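Before I ask anything, here is the structure I am working with.
The shown structure was predicted, so the numbers you read here are calculated from the model rather than taken from an experiment.
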Amino acid sequence: MPNALVAAAAEGLPSINRRQVLHSLAASSAVAAALVAAIPAAPAAEHPDADLFWLDQEMAEAEAQMNRANNACCRVSRKADKLYPPEPAAWKERRMPDDLHEMTGGMLVRDLAFPEKQPAPLRDFHRAREEQRAAHRALQDAFVDKVAQINHQAGVDAAEAAYSTRSAEFYQVGERILATQAHTLDGILVKLRAADRMGCNSADKNDALMSIATDIRHLAGEAV
């Protein structure tokens, strides 16, 4: 039975010699080798604290976003401050004249709580003082309302809401870090950094915890 080369010649196809075949096979082998090399190697075993490392990066980004939101709050707040009206002076209680004090001293204690039993000058004094207090309260309320209006128009409310959101996200990542078990010193360092970022200052009063944290940083080669 004629081989493929003979059959090809018989059918009028270009003849292929052995050298061409070998060259073709060599080229195919090179392509195959290149394809094999292009296939990514199996990933190395993941670090025991890989989850903490990812969370550490996530917390750094969350902190950056929170700081940017805080800076935005400061900018719009400074602009709004310039638009605030003067704040009303603090309320000062009107002093009772000496003659009215003497009037009060001459009354029965049980009658002091009943305005209708008080002398007319004493009733007039208390009524005038309450009217002044109400007028001052109205000024304070008007000031607060005006400040709220300016804050809303200047974008302070929106900026503070954005900061609150970013702050909540930041602390949520920190809580996830503290809830994740560390398996190496590097993982523990991630937790220490998270505690520092979150301002967990309650541990500052515990000399034992501070000493342990310092030792861990030294063992991990981190400057203290």
Taking the side chain as every heavy atom from C-beta outward, state whether H126 and M96 have any pair of such atoms under 4.5 Å apart.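 In short, these two side chains touch, coming nearer than 4.5 Å.
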
Could you tell me the separation between the CD atom of Q149 and the CG atom of L83, rounded to the nearest 0.5 Å?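 Answer rounded to 0.5 Å: 10.5 Å.
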
Approximate separation, where rounding is to 0.5 Å, of Q132 CD and R137 CZ: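 The CD atom of Q132 sits 12.5 Å away from the CZ atom of R137.
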
Does any pair with a residue in residues 60-77 pass salt bridge (Lys or Arg N to Asp or Glu O under 4.0 Å), and if so which ones, sequence neighbours excluded?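 Sorted pair list: E61-R68, E63-R197.
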
Set of residues satisfying side-chain contact (heavy atoms from CB on, under 4.5 Å) with respect to Y171, sequence neighbours excluded: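 Here the qualifying residues are S167, M198.
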
Rest of the hydrophobic cluster containing V76 (Ile/Leu/Val/Met/Phe/Trp/Tyr, side-chain heavy atoms under 4.5 Å)?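 In the cluster with V76 are V156.
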
Kindly compute the distance separating CZ (R129) from CZ (F125), expressed to the nearest 0.5 Å.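 The CZ atom of R129 sits 4.5 Å away from the CZ atom of F125.
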
Applying side-chain contact (heavy atoms from CB on, under 4.5 Å), can you list everything that pairs with R193, at least two apart in sequence or on another chain?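 Scan of R193 (side-chain contact (heavy atoms from CB on, under 4.5 Å), adjacent residues dropped) gives D56, L189, V190, E222.
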
Residues two or more places apart in sequence or in another chain: which of them pass side-chain hydrogen bond (donor to acceptor under 3.5 Å, both in side chains) with D186?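 D186 satisfies side-chain hydrogen bond (donor to acceptor under 3.5 Å, both in side chains) with no other residue.
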
Check side-chain hydrogen bond (donor to acceptor under 3.5 Å, both in side chains) between R78 and all other residues, then give those that pass, not counting sequence neighbours.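 Partners of R78 under the side-chain hydrogen bond (donor to acceptor under 3.5 Å, both in side chains) test: none.
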
Got a sec, which pairs hit salt bridge (Lys or Arg N to Asp or Glu O under 4.0 Å) with one end in residues 138-162, sequence neighbours left out?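 Checked against salt bridge (Lys or Arg N to Asp or Glu O under 4.0 Å) - neighbours excluded - no pair reaches residues 138-162.
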
Looking at every non-hydrogen atom in both residues, tell me the closest pair between C73 and Y163 and how far apart they are.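 Where C73 meets Y163 most closely, the heavy atoms are SG-CB, 3.8 Å.
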
side-chain hydrogen bond (donor to acceptor under 3.5 Å, both in side chains) against R123, all qualifying residues, sequence neighbours excluded: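 R123 satisfies side-chain hydrogen bond (donor to acceptor under 3.5 Å, both in side chains) with no other residue.
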
Report the residues that fulfil ring-ring contact (aromatic ring centres under 6.0 Å, His included) with W91, sequence neighbours left out, ordered by chain and then residue number.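 ring-ring contact (aromatic ring centres under 6.0 Å, His included) list for W91, sorted by chain: H136.
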
Restricting to side-chain hydrogen bond (donor to acceptor under 3.5 Å, both in side chains), what partner residues turn up for E130, sequence neighbours left out?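 R133.
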
Please enumerate all residues that pass ring-ring contact (aromatic ring centres under 6.0 Å, His included) together with Y84, with sequence neighbours excluded.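 In terms of ring-ring contact (aromatic ring centres under 6.0 Å, His included), with neighbours along the sequence ignored, Y84 is linked to no residue.
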
Is there a chain of hydrophobic side chains (I, L, V, M, F, W, Y, each step under 4.5 Å between heavy atoms) that links L178 to W54?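 Cluster IDs for L178 and W54 differ.
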
Measuring from atom CD of E175 to atom CE of M59, what distance do you get when rounded to the nearest 0.5 angstrom?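 Answer rounded to 0.5 Å: 9.5 Å.
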
CD on E169 to CD on Q65, rounded to 0.5 Å: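 Rounded to the nearest 0.5 Å, the CD-CD separation comes to 6.5 Å.
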
Just jot down the side-chain contact (heavy atoms from CB on, under 4.5 Å) partners of A182, sequence neighbours excluded, or say none.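 Listed in chain order: D49, L52, I188, K191.
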
Could you check whether atom NE2 of H152 has more than 12 heavy atoms from other residues, nucleotides or ligands sitting under 6.0 Å from it?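 Not buried by this count: 12 neighbours or fewer within 6.0 Å.
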
Drop me the distance from F170's CZ to N67's CG, to the nearest 0.5 angstrom.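 CG of N67 is found 8.0 Å from CZ of F170.
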
In sequence, state the C-alpha distance, the side-chain angles, and the governing distance for H47 and T184, and then conclude on side-chain contact (heavy atoms from CB on, under 4.5 Å). CA-CA 9 Å; H47 192 283; T184 65; 3.5 Å; yes

